[in-house]
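Have a look at the structure below, then the notes.
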Amino acid sequence: MSTEGLSLALVLLCLLRVQAVDLGTVEPDESKIAGTWYITAMASDSESYLQKKDQLKMAMANIEVLENGDLNVSFAIPTPGRCMKFSSIYKPTDNPGEYYSSDRGNKTVQLVDTDGSSYMVVFATREKDGKTLHMLRLYSRSQWVRTKTKLLFKRLAKLNGFTDKTIWILPRQEECLLGEP
């Protein structure tokens with residue numbers, strides 16, 4: 001078999017594997033996902049993220065579980081020259097561990113994996129300019145993430161079709177935090 005033929009076979013096998021991965025199987029324990037998280041790693045197929053990925057830094061998110069089961073998620077995202085802060089309400093869908101928000105564009109998020117205390121991996125889709133964009137994020141309770149957790153994130157990202165070029169670990173930052181003006 002030629003190198004091209006072998007490469008094509010491996011790509012097709014990977015695509016079949018990606019399609020077989022069930023992303024929405026983790027049912028969240030809301031008491032464990034509530035609170036402050038750092039977004040410490042990302043994988044994305046969005047050209048705008050990929051073009052500026054070397055400028056991105058760790059962001060923060062605070063998740064509040066509302067009485068009706070909705071999630072109020074507040075973000076603090078460092079961007080060149082400013083700290084962007086906003087909140088979105090995510091409503092549960094019929095799929096366990098999946099939430100939907102129409103704030104700032106139509107977004108769906110699914111909890112893919114968690115240890116219930118120190119990290120969670122979230123898969124997000126967003127409709128923008130007629131395209132569906134995909135992103136996998138690693139949330140951590142600390143800015144310092146264990147190597148084992150980073151490797152798990154990279155493995156999950158690759159299983160879901162992301163490549164080394166579309167996966168990155170975000171550097172720590174102190175200038176854009178939740179709760180500060």
Side-chain angles (χ1 to χ4, degrees), residues 11 14-15 17-19 21-24 26 33 36-63 71-91 93 97-114 119-147 149-178 180:
V11 167
C14 287
L15 285 173
R17 174 72 178 139
V18 166
Q19 292 173 350
V21 174
D22 181 8
L23 290 174
V26 178
I33 64 170
T36 300
W37 294 90
Y38 295 89
I39 302 171
T40 58
M42 294 173 52
S44 179
D45 62 5
S46 166
E47 278 302 316
S48 64
Y49 274 101
L50 295 173
Q51 289 173 359
K52 61 185 174 188
K53 76 178 194 177
D54 293 332
Q55 300 169 12
L56 298 176
K57 294 182 181 178
M58 209 175 277
M60 291 183 73
N62 186 67
I63 300 173
L71 303 178
N72 181 13
V73 185
S74 301
F75 293 96
I77 301 172
T79 60
R82 69 185 182 126
C83 180
M84 188 169 69
K85 295 183 181 186
F86 61 91
S87 293
S88 293
I89 300 292
Y90 287 84
K91 298 184 174 299
T93 68
E98 182 180 81
Y99 296 85
Y100 172 80
S101 174
S102 59
D103 297 347
R104 302 173 53 87
N106 295 325
K107 296 173 279 197
T108 302
V109 295
Q110 295 172 288
L111 182 60
V112 175
D113 189 28
T114 184
Y119 79 88
M120 66 180 171
V121 178
V122 174
F123 183 75
T125 59
R126 179 178 175 195
E127 299 292 325
K128 184 175 181 182
D129 299 329
K131 293 182 181 179
T132 301
L133 305 175
H134 305 92
M135 184 179 289
L136 196 68
R137 294 184 199 131
L138 175 60
Y139 287 71
S140 175
R141 292 289 187 182
S142 164
Q143 290 190 42
W144 292 268
V145 181
R146 295 178 15 205
T147 301
T149 305
K150 290 178 193 175
L151 291 173
L152 169 73
F153 175 78
K154 287 180 179 181
R155 189 181 91 237
L156 287 170
K158 288 181 179 183
L159 284 174
N160 287 288
F162 296 103
T163 65
D164 286 331
K165 290 182 180 182
T166 62
I167 302 168
W168 62 97
I169 305 299
L170 297 164
R172 287 185 287 276
Q173 57 89 18
E174 299 294 334
E175 61 269 10
C176 183
L177 305 173
L178 288 166
E180 295 179 5

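Computed from a prediction, not measured in an experiment: that's the story for all the values here.
Taking SG from Cys83 and CD from Gln173, the interatomic distance works out to 7.0 Å, rounded to the nearest 0.5 Å. Atom CD1 of Ile63 sits about 3.5 Å away from atom CE of Met120, to the nearest 0.5 Å. If you take NZ on Lys107 and OH on Tyr100, they are separated by 9.5 Å, rounding to the nearest 0.5 Å. Once rounded to the nearest 0.5 Å, the distance linking OH of Tyr90 with OG1 of Thr108 reads 9.0 Å. For the atom pair Leu111 CG and Glu98 CD, the distance stands at 11.5 Å (nearest 0.5 Å). Put simply, CG on Asn160 and CG on Leu136 are 6.0 Å apart, with the number rounded to the nearest 0.5 Å.
Residues satisfying the side-chain contact (heavy atoms from CB on, under 4.5 Å) test with Thr166, not counting sequence neighbours, are Leu50, Phe162, Thr163. Here Ser87 pairs with Asn72, Ser74 under the side-chain contact (heavy atoms from CB on, under 4.5 Å) rule; sequence neighbours left out. Residues satisfying the salt bridge (Lys or Arg N to Asp or Glu O under 4.0 Å) criterion with Lys128, sequence neighbours excluded, are absent altogether.
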Thr149 and Thr40: CA distance, side-chain angles, deciding distance, side chain to side chain contact (heavy atoms under 4.5 Å, CB included) verdict: CA-CA 11 Å; Thr149 305; Thr40 58; over 6 Å; no
Kindly determine whether Phe153 and Ile167 satisfy side chain to side chain contact (heavy atoms under 4.5 Å, CB included), including the steps that lead there. CA-CA 9 Å; Phe153 175 78; Ile167 302 168; 4.0 Å; yes
Applying side chain to side chain contact (heavy atoms under 4.5 Å, CB included) to Tyr119 and Val145, what does each step give before you reach the verdict? CA-CA 9 Å; Tyr119 79 88; Val145 181; over 6 Å; no
Using the side chain to side chain contact (heavy atoms under 4.5 Å, CB included) rule, take Glu174 and Gln143 through it: C-alpha gap first, then chi angles, then the decisive distance, then the call. CA-CA 10 Å; Glu174 299 294 334; Gln143 290 190 42; 3.5 Å; yes
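Without hydrogens or angle criteria, Arg137 side chain to Ala41 main chain gives no donor-acceptor distance under 3.5 Å.
Side-chain contact check for Tyr49 versus Leu133: every heavy-atom pair is 4.5 Å or farther apart. In this structure, Lys158 and Asp164 have side chains that are in contact, with non-hydrogen atoms separated by less than 4.5 Å. Arg172 places a side-chain heavy atom less than 4.5 Å from the side chain of Trp144. At a threshold of 4.5 Å between non-hydrogen side-chain atoms, the residues Leu71 and Ile33 count as touching. Side-chain contact between Phe75 and Met60 is absent, with no heavy-atom pair separated by less than 4.5 Å.
Across all non-hydrogen atoms, the minimal contact from Glu127 to Thr132 is OE2-OG1, 2.9 Å. Of all heavy-atom pairs spanning Pro78 and Ala76, the tightest one is CD-O, 3.8 Å. In terms of heavy atoms, Phe123 sits closest to His134 at CZ-CD2, 3.6 Å. Between Ala61 and Tyr139, the closest heavy-atom pair is CB-CE2, 3.9 Å. Between Pro80 and Gln55, the shortest heavy-atom contact is CG-OE1, 3.8 Å.
Within a 6.0 Å sphere centred on NZ of Lys154, other residues, nucleotides and ligands contribute 12 heavy atoms or fewer. Counted within 6.0 Å of NZ on Lys150, heavy atoms from surrounding residues, nucleotides or ligands total more than 12; the atom is thus considered enclosed.
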